[in-house]
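Just below is one structure, and these are the notes that go with it.
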Amino acid sequence: MKAATLIAPERISVIDVPDPTCGPREVLVRMRGVGLCGSDLSVYRGHRAVPDLPWILGHEGVGDIVAVGAEVDDQRIGEQVAIEPNYCCLQCEPCRAGFTSACPNRIILGINAPGVLAEFVAVPADFAFPVAPHVELADLVCAEPLTVARAAIRRSGITAGDSCLVVGTGSQGLFLCELLVDAGVKPHVIEPHEGRRILAETLGATAAAESDSGFRFLFETSGVAAALPPALARLAPGGTAMLIGINAEPLGVSSFDIVYRQLRLLGSLIYDHPTDFADTAALLDGGLSPSRVLQAEFPLAEAARAFEAVRTTPGKCWIRLD
Ligand SMILES: [Zn+2]
Ligand SMILES: [Zn+2]
């Protein structure tokens, strides 16, 4: 089968690799779409080391089940599925408490295990989530990053009618905006890039004016350390800041800033198995249309061009395999 592989930093080649074999508790998925995001880009650029080269890229994969292992119900053949690309161990203490995003043994597709940018992928059956057949491929392919955004919203405790500021409207910020609007929240956004800001506005967000403040919630998706202190200053006393973007730089916030204004500072990493992905499948079934965030589509043969486009495209790039 064909797969898009990294052969050296910033060099991608679509090559023939052996077909995967389906283990007893696995399903074989014929891939139909793979979304690209910032973590793929850090692998592509060589900032995140991978175990081997050539390395099959990609973690946001969807497709159809075409075969199942001996211990899997063969009724599942034909399902369209979204793959949860973080295989938690389900044995460790965080996993047993349902906090699987904190699992220290996580297998991460495209990062420490081969990715999904291939014609076929074998996946543990419990990590292939069925999505109703009427859901369009372009909506389905957003399932993974949508689940990241949704888990951050769930963990924040925000509810309908709350005021909220979103910093950064890259694809994660855009999915957040769409989900917040769907949940009855009208997000204000800060985004210096005009194209991204306009996209957020088309999803129902409002560009924040200099004077807008007193927000109950803040979602920080840019990962730019310098963006946080001025955003925190716009929170109401007792407000909640949810950090999603990641950066190694210190944040430049004092305990004075946090304690006097009694802010809550939280971090949100991916999602917890299996409830968050199951919730996303239900949302897609219910008619949410995240495909508005997709802005550029490429065939597998043009994977190299697709990765180059991730840098410059407002919204999301994806690779269509069907
Ligand atoms: Zn991603
Ligand atoms: Zn675990």
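Computation of the quantities below employed the complete heavy-atom set of this structure, encompassing side-chain atoms and omitting hydrogens, waters and symmetry-equivalent molecules. In each ligand, atom 1 is the first atom listed, and ligand 1 is the first ligand listed.
The line from CG of D126 to CD of E26 is 11.0 Å long, rounded to the nearest 0.5 Å. In this structure, CD in E60 is found 7.0 Å from OG in S39, a value given to the nearest 0.5 Å. The OG1 atom of T147 lies 8.0 Å from the CD atom of E84; values are rounded to the nearest 0.5 Å.
Distances from the Zn ion (ligand 2) under 2.8 Å pick out these protein N/O/S atoms: C89 SG, C92 SG, C95 SG, C103 SG. Listing protein N, O or S atoms at distances below 2.8 Å from the Zn ion (ligand 1), with waters left out, gives C37 SG, H59 NE2, E60 OE2.
Heavy atoms only, all atoms of each residue included: G61 and V34 are closest at CA-CG2, 4.3 Å.
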>> Is there a ring pair (Phe, Tyr, Trp, His ring centres under 6.0 Å) between Y87 and H273? Walk through the geometry before answering.
In response: CA-CA 9 Å; Y87 304 162; H273 179 84; 9.0 Å; no
> Would E119 and R30 count as a salt bridge (Lys or Arg N to Asp or Glu O under 4.0 Å) if you check the C-alpha gap in whole Å, the side-chain angles of each, and the deciding distance to 0.1 Å?
Replying inline: CA-CA 6 Å; E119 290 176 302; R30 185 178 65 81; over 6 Å; no
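Note on D64 versus R32: salt bridge recorded, some NZ/NE/NH1/NH2 to OD/OE distance being below 4.0 Å.
Side-chain atoms of R264 do not come within 3.5 Å of backbone N or O of M242 as any donor-acceptor pair.
Heavy-atom neighbours of Q262 CD from other residues, nucleotides or ligands within 6.0 Å: at or below the threshold of 12.
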